[in-house]
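The structure appears below as structure tokens.
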Amino acid sequence: MNHEAITLLEAVNLALAHEMEQDENVVILGEDVGTNGGVFRATAGLKERFGNRRVMDTPLAEAMIGGLTVGMAAQGLKPIAEIQFMGFIFPALEHIICHAARMRNRTRGRLSCPLVIRAPFGGGIHAPEHHSESTETLLAHIPGLRVVVPSSPARAYGLLLSAIRNPDPVIFLEPKRIYRASKQPVLDNGAALPLDTCFTLREGSDITLVSWGAMIKETLEAAEQLAEDNISCEVIDVATISPLDMDTILASVAKTGRCVIVHEASRHLGVGAEIAATLVEKALMDLQAPPLRITGYDTVMPYFRLENHFMPNTADIKDAVRQTLEFV
Amino acid sequence: MNHEAITLLEAVNLALAHEMEQDENVVILGEDVGTNGGVFRATAGLKERFGNRRVMDTPLAEAMIGGLTVGMAAQGLKPIAEIQFMGFIFPALEHIICHAARMRNRTRGRLSCPLVIRAPFGGGIHAPEHHSESTETLLAHIPGLRVVVPSSPARAYGLLLSAIRNPDPVIFLEPKRIYRASKQPVLDNGAALPLDTCFTLREGSDITLVSWGAMIKETLEAAEQLAEDNISCEVIDVATISPLDMDTILASVAKTGRCVIVHEASRHLGVGAEIAATLVEKALMDLQAPPLRITGYDTVMPYFRLENHFMPNTADIKDAVRQTLEFV
Amino acid sequence: MDTVFEGEIRYRQYLSSQGDPLSALPVWAQQPEWLTHCYRNMVLARTMDNKAVALQRTGQLGTYASLLGIEGIDVPLGLLMHPEDVLIPYYRNHACQMLRGMPMEEILLYWGGDERGNAAEQQGEDFPNSVPIATQSMHACGVATALKIRNEKRVAVTLCGDGATSKGDFLEGLNVAGAWQLPVVFIVNNNQWAISVPRALQSGAPTLAQKAIGAGIRGEQVDGNDAIAMREAIEIALERAREGKGPSLIEAISYRLSDHTTADDATRYRSNDELKKAWEHEPVKRLRTFLHKQGWWDETQETIWQDEVNSMVQSAVERYLATPPQPVESLFDYLYAELPEQLREQREWAMVKAMKGGTHHES
Amino acid sequence: MDTVFEGEIRYRQYLSSQGDPLSALPVWAQQPEWLTHCYRNMVLARTMDNKAVALQRTGQLGTYASLLGIEGIDVPLGLLMHPEDVLIPYYRNHACQMLRGMPMEEILLYWGGDERGNAAEQQGEDFPNSVPIATQSMHACGVATALKIRNEKRVAVTLCGDGATSKGDFLEGLNVAGAWQLPVVFIVNNNQWAISVPRALQSGAPTLAQKAIGAGIRGEQVDGNDAIAMREAIEIALERAREGKGPSLIEAISYRLSDHTTADDATRYRSNDELKKAWEHEPVKRLRTFLHKQGWWDETQETIWQDEVNSMVQSAVERYLATPPQPVESLFDYLYAELPEQLREQREWAMVKAMKGGTHHES
Ligand SMILES: Cc1ncc(C[n+]2csc(CCOP(=O)(O)OP(=O)(O)O)c2C)c(N)n1
Ligand SMILES: Cc1ncc(C[n+]2csc(CCOP(=O)(O)OP(=O)(O)O)c2C)c(N)n1
Ligand SMILES: [Mg+2]
Ligand SMILES: [Mg+2]
């Protein structure tokens, strides 16, 4: 049993290894996941440990990765596919949307797709073009999928275990900016964390901050700094983007009356739109101010020299909080 | 000059022919668009009239259609690609998202992609699986694209002209349920209608109804029926889903204080979410009731025997209006 | 310049269009059993097909893809696959599905717009019809990967049309099948048309079988109207896959004798002459003529079988028509193994709305 | 069984790894002009490459894909394409881009994370680097379609790696190029590795050139470390395309002498021995040895040229480093021909935020 402090990336590796050890139906496939252990090393050591029948370096073709995964899952394997970067997931979407998300429904439960598709996503590491986008909306809009984003090593471990064990397809998006940003002790005891539910990371009474993935870092930072000015922020990590646990958010906003939503993805139809829309639908009377969205712009993610302009930062969040609190 | 009453489908055909006549750079490509004139007949007669160099039956591959279109557009042609049904657009998304939407930005204007991708979408015609979805969100979320949906023959004609003439990529989604539903006189005079702007189809003072595409039919019907009970509905046809003209909607809601948004697409992250979120952000104080969304469910579009359960209907809209009006 | 690779494609045919052997027949084809059995099922398939088209024309079925012209491929395949093999069909393989145990009424139910048509327990692990073109090719590779990982002596068999061979999924599938030596058989029903697009516009390659060469796998071209040739080709491919000797591609030359689907009107794009000629080569008559000439089948048998088949089809149609629709909750109840909390409210709404009765667009 | 198709792939090579002719050389290769010119540019490319890697290691450039090992392909290509042809590169063709007029500092600017690196007017209608693998193959077909529609005698040339040949885009591209007989040339830089995945795992096909057979187009394999063979192959392919005789696929056998990119560490997955062997076959030394043996190049020339090249690269680096960043508005100003009303507010925010200074994540 491991309970050293490890990174989010190591936690992913630990969860993969744990489930491969427990369940021989768990297999891994993707580009460079074998000998190389993944370009980020998320699958490091797994091929050596579990053999190349269970850790498969595929030819370079994402539609194929998606399609193979569907076929394998329908046969009762639990494939975990890695898409090297989320920016390369598009060729796989036909298989994810038309098949993975529908197999159970289409066959009234005769066949199903217990698969996981992992992909690193988000900006902030000065990577080349197409390596930094946050397009979770495209998957979160699709019925039949689950979309999960961890924001800490412990949640990466626990949520990935759940994702693998889940009998339905799960898209597991890994915020690569915090892959190695910090360490946390994680007990490798196979204890899963629940999907479909938010995590309240910090309690507060003045305002609710809602975020997920890498932006949790800045959101918590903002909360911390605002506390010095006696502004008490509740911080919620959505974790499962779809289906979205609005109950936790609604309960928090019922208490605070104010809300700021933070995400890296573009604003227009980012997941923040759904959160804000549901808030107003179900809790208009609780709202003492409009929920604000702090997000990426509705522009293409710029090449890295300007990427920090695109990304929301702690100051933006703090400004939004103050603006919300001043609303009358 | 034609000003007979024609269907939406005929209006599409008319606009295509008009622009092909005017501009020899306009070419058409897709599956079955040539000899067959398209499975819905949207391109009927065009191959005969303009030849098979300008109306191209492609091999069966949507990624290829997307990629060819990008290459042709970057060369200064104005390609209009037909995706036979929107349910088959997924393989083309990599080209649409990573290239069409970015070419101008990526090259700082050196190259561009003046292309149109047409696709019939939406339910209600008892079609086979994958022929009835409304996944406009997936495109509307992408910066650099325009997404346009006509709701009448005249708007189909005028908006399609604009889409073709537009120097940037436009996704033109055709609501097939109303392809032949009604006729309207359309003057074939090459007069375009503006993109990026809503159309107010009916003025009213009690509530604002916002919709687009085929659902405009039920929305107008609801408005009509509610008028009998002295409920005065303003009806807005969004027409360009992205970029979204919130100004028109905000101005209307400033007047009515209430809003119902109607769309066929699933609710979770449907375009209605963005509209509701922006309404509350910018006009919380104007809202006398929460904007309600009448939408498809967050389920897979069912096979056609049950499809009408999925689709919003006039009664649903009327119920939502009454509920909104009763809100205190 | 050295030659670093040589490849060829051969064409397999035994029976002329007139039902005469063109070369020595395989031993099994010198006996009546299998071939008459095959013929009977071809007639059954065609009868079912006629009925389905009629149901569509009278508004009792949705858009339907006719199997007319595929019988020479699908029926041998359905008879030759082992029960434990996995069929990953496209949308035109009803005959094969039926032979693998899927009740005819379930086939109709599918085309009648009801998901339960994919749920028949007799389908076992077979895949439902694939509507997005060629995606099934890749699923077959995934299934075959699972079979290979588990060291099972089972084969994944997938079909598609000539049009589908242009799509990346098919080509990526051939490639991974070759790279991984998967136990999979690809059968291309080259029926000359992809809706209105003729075979010649799909590819500059003179044969579609040579796409196998591009992927480094075995490929051959077969007369898909010749059930004897098809059995030979399929048996060899299945056996090789089962024995771990790798994948095969079979290009079966046939002709789409029907419109693309009932929503199509092929007279818009293809000539009556061409269609008439194609009927001269069609698989059912060809096999019947052969059987007649061998003295293995006669008019009396034909009449008796026709009657039998008609009543089989008729009772299937009755069972189909008597199937009540699914309740509205079914939209929700198979989406996930367990319905997430988040969807319960919508499920309630849907039930309330359904109870309130008539939706605006009447079914 | 009749043979209905036969195909073969031939291998083109003139120079041994030791720079000795293996067969009679083409006439043009019996003169020093072109080959010394080619050599000079190979040296320039390599010098630029070394510098780029050094810039990355010192934090002055982003992740960079080295061109080491592609010189024998890219330099002949850059010299042979006509200015009016269109290059649709992948991300490793800096040498070719430079020869087509793109200033070296613009190449650095691109890899330095600045969109203006794609904007050099000298690039004409050439495409920017394609990061999503193989998508450029299809763009090349689109460009070629435009050229064909307009009856222009221009050629679209596109490159990709061995890994890219597994992706649908490449395969769909070959297919449509064949079906439409497009004026396009596909060059595969088969450098044996796709990041960590060796060529053998990409495909069961013994050559990648035979993918052309699958698509019914012309294909050949060429020693990509042999500039003479590459010139021959490229000239023939360009000429054919220009004359309307259809597309070609050239599989150029090379070796990735560098890590995949500066973000990669190839020692994790490939042996030093293999790399050492590969250096024995590399293109630059091979051509230099040949030129030396012909008496067309000597050490003095080499030294002079090295100096010249170093200072060319150095001044390009200086221009690159002196390029100030784009203003924040540039995020908005090239998205559309005209910024939609709807985005003006965000553009304002972005400018205000930038003026407020330091973003949280420092550049
Ligand atoms: C990805 C995708 N694109 C388009 C379609 C629409 N479509 C349905 S069948 C068909 C033609 C298929 O032709 P072919 O593969 O030859 O099979 P056939 O129907 O002739 O048996 C097309 C274009 C689809 N179902 N899926
Ligand atoms: C669609 C897509 N998938 C994955 C990647 C990540 N990636 C970048 S380069 C590469 C390997 C490419 O290998 P190859 O085609 O042989 O070209 P090489 O780099 O060896 O020249 C991969 C997997 C990508 N850029 N695009
Ligand atoms: Mg066909
Ligand atoms: Mg390579």
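What you see below is based on every heavy atom in this structure, not just the backbone, and it leaves out hydrogens, waters and symmetry mates. In the text below, chain A, chain B and the rest are named by the order of the sequence lines, each starting its count at 1.
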Straight-line distance of [X] [atom1] to [Y] [atom2], nearest 0.5 Å:
X        : Y        : atom1 : atom2 : value
C:Lys356 : B:Asn313 : NZ    : CG    : 8.5 Å
C:Trp349 : B:Ile294 : CH2   : CD1   : 7.5 Å
C:Ile133 : B:Glu31  : CD1   : CD    : 8.0 Å
C:Ser130 : B:His130 : OG    : NE2   : 7.0 Å

Do [X] and [Y] have side chains that approach each other closer than 4.5 Å (heavy atoms only, starting at C-beta)?
X        : Y        : result
C:Ser166 : B:Met64  : no
C:Ile195 : B:Asn36  : yes
C:Leu335 : B:Val300 : yes
C:Arg116 : B:Arg305 : yes
B:Pro59  : C:Leu201 : no
C:Lys167 : B:Glu62  : yes

Under 4.5 Å from any heavy atom of chain B, what part of [X] do you find: side chain, backbone, both or neither?
X        : value
C:Pro340 : neither
C:Ala164 : backbone
C:Leu171 : neither
C:Asn118 : side chain
C:Thr165 : neither

Quick check for you: among [options], which has the greatest number of heavy-atom pairs under 4.5 Å with chain C?
options                               : answer
B:Tyr303, B:Tyr297, B:Phe310, B:Phe90 : B:Tyr303
B:Asp57, B:Thr35, B:Asp298            : B:Asp298
B:Glu307, B:Met301, B:Arg267          : B:Arg267

Would you name the heavy atoms of C:Arg268 and B:Gly38 that are closest together and state the gap between them?
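So the minimum-distance heavy-atom pair works out to NH2-O, 4.3 Å.
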
Could you report the tightest heavy-atom contact between C:Lys353 and B:Pro312, atom names first, then the distance?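 Of all heavy-atom pairs spanning C:Lys353 and B:Pro312, the closest is NZ-CA, 4.0 Å.
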
Legend entry - Contact origin within B:Pro128 toward chain C - heavy atom pairs under 4.5 Å: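 Contact with chain C: side chain only.
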
Review point. Under a 4.5 Å heavy-atom cut-off, does chain C meet the side chain of B:His268, its backbone, both or neither?
Key: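 When you check distances to chain C, no heavy atom of B:His268 falls under 4.5 Å.
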
side-chain contact (heavy atoms from CB on, under 4.5 Å) assessment of C:Val328 paired with B:Leu306: CA-CA 7 Å; C:Val328 67; B:Leu306 297 185; 5.9 Å; no

[X] side chain to [Y] main-chain N or O, any donor-acceptor pair under 3.5 Å?
X        : Y        : value
B:Glu129 : C:Val131 : no
C:Gln202 : B:Leu60  : yes
B:Asp32  : C:Ser196 : yes

Report the option among [options] that has the most heavy-atom pairs separated by less than 4.5 Å from atoms of chain B.
options                      : value
C:Asp265, C:Val197, C:Asp264 : C:Val197
C:Ala134, C:Gly113, C:Gly168 : C:Gly113
C:Gln342, C:Gln326, C:Arg347 : C:Gln326

Would you find more than 12 non-hydrogen atoms of other residues, nucleotides or ligands less than 6.0 Å from C:Glu338 atom CD?
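Not buried by this count: 12 neighbours or fewer within 6.0 Å.
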
